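Proteins get letters first, then strands, A, B, ... in listed order; numbering begins at 1 in each. Note that these values count all heavy atoms, side chains included, but never hydrogens, waters or copies made by symmetry. All figures in this text were calculated on a predicted structure; none of them were measured in a lab.
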2 protein chains.
Amino acid sequence: MTVSRTINGQRYVSPELRDQVLASIRALNYTVNKSARNTRNGSSAYCIGVLYSNPSSAYLNEIMLGGLQESSRTGAQLLLETCTGLASQKAALKKLLAAGVDGIILPPPLCDSRLTIETLKAEGIPTLALATARPLEDVSSVRIDDYQGALAMTRYLIGLGHREIGFVKGDPSHTPSDLRYVGFLAAMRECGLDIDPAFVVNGLFTYRSGLAAGEALLKKKKRPTAVFASNDDMAAAVIAVAHGLGIKIPEELTICGFDDTPVATTIWPSLTTIHQPIVEIGRAAVAILSEQIERQQKGEIPQPVHQVMKFTLMERGSSAPR
Amino acid sequence: MTVSRTINGQRYVSPELRDQVLASIRALNYTVNKSARNTRNGSSAYCIGVLYSNPSSAYLNEIMLGGLQESSRTGAQLLLETCTGLASQKAALKKLLAAGVDGIILPPPLCDSRLTIETLKAEGIPTLALATARPLEDVSSVRIDDYQGALAMTRYLIGLGHREIGFVKGDPSHTPSDLRYVGFLAAMRECGLDIDPAFVVNGLFTYRSGLAAGEALLKKKKRPTAVFASNDDMAAAVIAVAHGLGIKIPEELTICGFDDTPVATTIWPSLTTIHQPIVEIGRAAVAILSEQIERQQKGEIPQPVHQVMKFTLMERGSSAPR
DNA sequence: CTGAAAGCGCTTACAG
DNA sequence: CTGAAAGCGCTTACAG
């Protein structure tokens, strides 16, 4: 009793007793048993699974950072499971369910996996899709507005005086790719600018695909004065190609990306890009799921939550007036 | 009772009763209260803090990945705290202690912070230093042998026929920098090769410092046929400089790094480098600390553990015979 | 200011 | 095969 009061810093413990307790705590190497404390406080420890299929992505790492910040606040356990193909996806899901996760976060591209989502729905497990461009009505999501992001970036480039703007598309199987392209088109159209079909090239979100795209855009006689790549890895590759061709950045060519992953500030010049608050997105994901799990444990039926986070245009060294 | 047996899959529950229980579980959305279970099972939930000062590093992210894998196995909570200067370092430490962490992991460069380690020792909190090149006798550590790594890489380059080998040093305030340099020197000496002082340049482990180093090495009339940079970020920068100068890699110049961070496989050509099993290092760190915490909670005095992990030389596209 | 008693949700002998 | 009882380490009224 008195020990409890001492530890929790409550009033009504005489200084003498308090010191005695503190001394004993030291002597015995005593630490509070947090499980027991939680039991009494009625907060059941729960576990949130993260099922991902893109292990090398800096994106996931930042998500985990934010998720951890939040989960250590609420006391949730985070459980990571990785998968590659469809078969391993099923296996990974089964493993998470067997481990008794109470909720699941799906980072891209699994956020758009019909199969996974249906399985989870059947199990009655609260699910949250991350960075999907096509949020489902009944599955919670946290994302930014990719369309608005691309719109803002393109307007910025036009504002700098650029007219011939190249665009590198993203992986067509990822839902945001499309939105980013459409945002680009919309901004060009609203300013009455033509789009040279040769200035729009395909990419797959990888550095490698960015190299090919960069060469397709820059090795021609007529080349754009600015290139907007759908993500940072591809933008970094375009910069590398430009370096190789002796094109000065940003003096002779403006290049910008999307996402603001670590590579954006690693390379030189640093990349003008759309900053996604990825750490905050991870934090929000865990926070939303935590609440839903608590709801569900009380017997309520949690309502899906859709949160759209704010992006920021980061103006850095890779862009300049035409 | 019967519910408990059903959930834990023990024998001696009649099929009828079992189905009834399962049905009720579904109907009521029942989930086991893990805190209560832990209480009964005697396993106190504990919490491991990670105090870091290098937020953008891919290194930390991989450490966390491994740490999470292990902690979700043992049920430990991971708590992240970041700091920048000395003042915020003290504040962050205080915050972790106030949160009641039972053990602390110190990634580089904090792994060599005398102040932090002394504070933790005074508090009697098990501590583990990550990737320090100067492990203290009485503080647990997990690391690779940087000296052997640099030795292996340099021998590999010499084996390829290179004789004029450039070296980019790392941040002198990080303890592994020195060891990597010494390993390089040792391999050169054992093969009877001279080291041109102009071929050894300073760096700070940053991409930016790698650019300067690359220019210092490659813009001269007489340049090395291979460059060994003390980490991947700097090696990537040297590759960028080479691209800019129109030097073909690996045909005209071999470049290699150290660490095998994500950038090594992002860039093109991909980087020959020393692979640190960072995820496994994170896992080992949490495992070791977990055991020490359990020991301590039983009243025993945990002995420090020092684990040296194996590195691997990853041969990729950036290196070739002279 | 202090401490005996009850109860959090679970599991593990124990007795039927 | 089933269930009543005790106890894990904590905290919160409750009575002194």
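Under the 3.5 Å distance criterion, with hydrogens and angles disregarded, a donor-acceptor pair is assigned to the side chains of B/D171 and B/S173. A donor and an acceptor atom, one from each side chain of A/Q89 and A/T116, are located under 3.5 Å apart. With hydrogens and angles left out, the side-chain atoms of B/T39 and A/T39 include a donor and acceptor closer than 3.5 Å.
Listed nucleotides D/dC8, D/dC10, C/dG3 differ in distance to A/N33; the shortest reach to its side chain belongs to D/dC10.
Positionally, the nearest nucleotide of DNA chain D for B/P15 lies more toward the 5' end than for the other of B/P15 and B/A36.
No more than 12 heavy-atom neighbours from other residues, nucleotides or ligands sit within 6.0 angstrom of NZ on A/K90. In this structure, B/R5 places its CZ atom where more than 12 heavy-atom neighbours from other residues, nucleotides or ligands lie under 6.0 Å away.
Here A/T2 does not reach the OP1 or OP2 of C/dT2: none of its side-chain N or O atoms lies under 4.0 Å away. Within the 4.0 Å cut-off from OP1 or OP2 of D/dT2, at least one side-chain nitrogen or oxygen of B/S14 is found.
Residues forming a salt bridge (Lys or Arg N to Asp or Glu O under 4.0 Å) with B/E123 (at least two apart in sequence, or on another chain): none.
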Enumerate the protein-to-nucleotides 11-14 of chain D contacts in which both atoms are nitrogen or oxygen and the separation is below 3.5 Å.
from: D/dT11; atom 1: OP1; to: A/N8; atom 2: ND2; distance (Å): 3.3
from: D/dT11; atom 1: OP1; to: A/R37; atom 2: NE; distance (Å): 2.8
from: D/dT11; atom 1: OP1; to: A/R37; atom 2: NH2; distance (Å): 3.3
from: D/dT11; atom 1: OP2; to: A/S4; atom 2: OG; distance (Å): 2.7
from: D/dT11; atom 1: O2; to: A/R40; atom 2: NH1; distance (Å): 3.0

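Between the P atom of D/dC10 and the OH atom of B/Y46 lies a distance of 17 Å, rounded to the nearest Å. If you measure from atom OH of A/Y30 to atom P of D/dG9, you get 10 Å, rounded to the nearest angstrom.
B/H174 and B/F205 have their aromatic ring centers within a separation under 6.0 angstrom.
Among the duplex regions that DNA chain D forms, those built from at least three successive Watson-Crick or G-U pairs under 3.5 Å are C:1-3 with D:14-16, C:5-12 with D:5-12, C:14-16 with D:1-3, ordered by first number.
Put simply, the side chain of B/T132 never gets that close to the backbone of B/A129: no donor and acceptor are under 3.5 Å apart.
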